[in-house]
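Every value quoted in this text rests on a predicted model; they were computed, and no experiment measured them. Values below: all heavy atoms of this structure, side chains included; hydrogens, waters and symmetry mates excluded.
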2 protein chains.
Amino acid sequence: MRQIAERASVSIGTVSHVVNGTAPVRPKLRERVLEVIRNLGFQPSALAQGLRTNRTRMIGMIIPDITNPFFPGLVRGAEDVAFKHSYRVILCNTDNDPAKESLYFNELRSYRAAGLLIIPAAGSDIASSLKPGTAGIPPVVCIDRRPDGWTGDSVVVANELGAYRATQHLIQSGHRHIAVITGPSLLANSVERLKGFRKALKEANLPLPAEFVQEAVFDTRSGFQAARRLLRMLPRPTAIFACNDLMALGVLHAIHELDLRCPEEISLVGFDDLEFCEYTSPALTSVYQPSYQLGATAANLLLERIKGRKGSPKRLVLDTELKLRNSVLPLEHSSWSVSRMPRTARKSPRKVAAAR
Amino acid sequence: MRQIAERASVSIGTVSHVVNGTAPVRPKLRERVLEVIRNLGFQPSALAQGLRTNRTRMIGMIIPDITNPFFPGLVRGAEDVAFKHSYRVILCNTDNDPAKESLYFNELRSYRAAGLLIIPAAGSDIASSLKPGTAGIPPVVCIDRRPDGWTGDSVVVANELGAYRATQHLIQSGHRHIAVITGPSLLANSVERLKGFRKALKEANLPLPAEFVQEAVFDTRSGFQAARRLLRMLPRPTAIFACNDLMALGVLHAIHELDLRCPEEISLVGFDDLEFCEYTSPALTSVYQPSYQLGATAANLLLERIKGRKGSPKRLVLDTELKLRNSVLPLEHSSWSVSRMPRTARKSPRKVAAAR
DNA sequence: TTGTAGGCGTTATCAT
DNA sequence: ATGATAACGCCTACAA
């Protein structure tokens with residue numbers, strides 16, 4: 001800026017004023033300054049600005065793993081609204097490691113990030129990082145999972161209800177022997193989904209043998225392994241509820257491997273409704289989570305806080321929606337319309353499919 | 001730091017020394033300072049540090065869209081090596097919009113990012129942003145695509161060779177009527193893949209009717225539409241090479257919609273080898289791109305530059321690998337082993353599949 | 001409408 | 001081994 005001031009023969013303060021529009025500057029001078037700025041390709045130092053004003057336009061986003069297809073949409077949602085407000089996003093992958101999480105947390109504090117968006121790691125202890133006493137902690141919004149003891153803003157999805165509905169769907173389709181593949185028991189959302197599953201079963205007075213509850217870790221491989229165990233049992237369940245789509249994909253794989261047919265011999269419902277659900281075969285019935293909205297909503301919440309909203313924390317809960325596709329076989333007809341039946345059970349399945 | 005200095009009754013310079021280990025400090029003092037630091041939850045301001053030292057540990061990463069499943073792995077690769085060297089990544093999505101790209105570019109300059117990792121937007125003009133004259137431009141490494149006029153470091157994939165091999169595979173499987181669905185003609189990698197495709201056809205003296213080259217935009221929907229056009233032609237191609245997997249997915253969808261069977265009636269090869277390839281039906285034969293390596297390699301290259309390596313630009317080219325699965329039907333047996341044949345063509349397909 | 005100057009939180013140089 | 005102090009680049013009263 002000094003250099004610019006010299007070349008345009010004005011004071012350094014004036015340069016600042018034309019850059020920020022913080023005071024009226026005579027057009028002639030203004031132009032001269034702008035011209036020099038263009039020539040020099042000057043970019044004001046965000047570092048110096050941040051230091052001086054004590055606020056930055058960076059938002060830290062801490063997530064488990066961008067490689068998990070559930071997260072990119074969420075990140076994108078957050079980034080889009082951040083962008084709209086001229087904020088930028090620093091992305092941090094924790095691999096669900098609380099140590100890495102707290103490392104990132106402190107670093108982002110170091111960068112004086114204006115706010116933090118956190119999808120807590122399994123077993124996260126960030127709640128304790130926010131204890132009063134330490135100053136200079138930016139606003140934080142938790143997304144997707146609410147860690148133990150978290151009392152701040154958060155936006156999550158109605159996991160229990162979603163799982164409940166998915167299970168109900170299976171039950172209404174006539175299934176009586178339904179197994180579940182859960183995620184890590186450390187994850188709040190995993191636990192909630194299991195709860196919803198159990199609730200639906202209980203309401204229908206259906207038994208749940210202990211071995212029909214298999215724990216996996218929300219990835220395809222572990223879902224595959226869990227499914228293998230399930231599919232070899234006698235009597236075999238006629239339907240499986242996988243607590244996320246990645247595991248459901250593993251189930252599909254196991255079904256094929258064991259020479260079974262889906263949905264004829266085994267029905268399947270997933271959770272997340274990732275894009276690939278439309279393209280698996282059979283297309284996977286799944287519980288849609290508004291992941292983009294999750295990220296966008298959280299970012300909006302955070303921006304409010306950054307702008308100074310006080311008051312009690314908001315705990316937003318977004319709704320899910322069961323997307324019906326072809327991985328569930330109705331065992332009884334009951335109230336089901338033909339169009340919802342899987343292709344192989346229809347008179348002229350291919351024509352119907354083509355007409356969709 | 002002033003506060004800490006006071007509470008520990010030392011000078012502010014000493015505090016700096018214990019924080020950075022930049023000069024020996026008597027253990028007793030050291031401990032005292034550390035204690036205060038812990039109590040106060042002090043985090044040095046990266047802003048002030050950056051301002052003072054004129055370097056930061058932030059790497060800007062500009063990509064088209066994190067929501068495209070090809071990019072998360074790449075980003076993760078870059079982030080992992082950055083992390084190992086204590087650098088952090090600022091993620092920016094351009095949506096392939098050159099304007100947004102150049103906006104981000106300037107902002108990252110403003111943040112005094114130590115270096116930039118860029119996957120250029122289609123039609124990118126960043127090459128021109130780097131013209132000498134403007135000072136304070138950090139090292140830049142281009143990934144995946146090399147924009148027009150780019151002379152700096154870059155790491156890309158052997159697109160032409162990959163496409164060439166994929167096409168050869170189709171030809172060797174006996175196909176004579178092969179169509180291609182290309183990506184945007186603005187994208188260097190898209191053009192290269194088409195080139196490889198053409199080369200293989202030419203070498204085999206196979207004709208390529210103009211209408212057998214359909215342009216789409218690297219997403220599922222456009223791939224679907226292009227496939228529809230292709231599949232309604234008479235004579236219909238017996239094989240399609242889709243220049244990326246997302247489009248291949250669209251092709252698969254179109255095949256099902258039109259009541260055709262893959263690979264019996266139409267063979268298909270994709271490009272990228274995204275995770276879902278294993279789980280589509282049939283499992284998709286595709287050209288594997290080492291996306292994680294792409295990101296990691298680029299980050300390493302960038303870090304070298306940041307550490308001061310001079311000298312001529314490196315243009316790294318990573319190799320691809322054709323992953324054989326079940327979406328290609330051998331029309332002639334030639335040298336093909338039974339195990340590579342699609343399930344439906346085998347005597348006891350399910351057993352074989354299960355044994356895999 | 002424009003200029004002056006102090007200070008944001010560090011690091012680094014130079015004394016002590 | 002420790003302390004004092006001058007930048008780093010910018011913003012912002014305040015003075016002119």
A correct 5'-to-3' footprint of nucleotides 4-10 of chain C, with B, S and - meaning base, sugar-phosphate only and no protein heavy atom under 4.0 Å, is B-BBBBB
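Going from atom CZ of Arg112(B) over to atom CD of Gln43(A) covers 7.5 Å, rounded to the nearest 0.5 Å. With values rounded to the nearest 0.5 angstrom, Glu192(A) atom CD is found 11.5 Å from Arg145(A) atom CZ. Atom OG in Ser110(B) sits 14.0 Å away from atom OH in Tyr104(B) (nearest 0.5 Å).
Side-chain N or O atoms of Thr94(B) include none that pairs as donor or acceptor with a backbone N or O of Lys100(B) at under 3.5 Å. A distance-only check finds no donor-acceptor pair linking the side chain of Arg146(A) to the backbone of Arg315(A) [under 3.5 Å]. With hydrogens and angles disregarded, a donor-acceptor distance shorter than 3.5 Å links the side chain of Asn96(A) to the backbone of Ala122(A).
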Name each donor-acceptor pair under 3.5 Å that joins a side chain in residues 4-15 of chain B to protein atoms two or more places apart or in another chain, with its distance.
unit_1: Arg7(B); atom_1: NH2; unit_2: Gln3(B); atom_2: OE1; d: 3.3
unit_1: Ser11(B); atom_1: OG; unit_2: Gly13(B); atom_2: N; d: 3.2
unit_1: Ser11(B); atom_1: OG; unit_2: Thr14(B); atom_2: N; d: 3.2
unit_1: Ser11(B); atom_1: OG; unit_2: Thr14(B); atom_2: OG1; d: 3.2

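Between the CZ atom of Arg32(B) and the C1' atom of dA1(D) there is a distance of 13 Å, given to the nearest Å.
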Could you please spell out the steps behind the side chain to side chain contact (heavy atoms under 4.5 Å, CB included) verdict for Trp150(A) and Ile118(A)?
CA-CA 12 Å; Trp150(A) 180 252; Ile118(A) 305 186; over 6 Å; no
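Nucleic acid contact class of Val19(A) (heavy atoms, under 4.0 Å, all strands): none.
Near-neighbour residues of DNA chain C inside residues 22-31 of chain A, defined by a heavy atom below 4.0 Å, number-ordered: Pro24(A), Val25(A), Arg26(A), Leu29(A).
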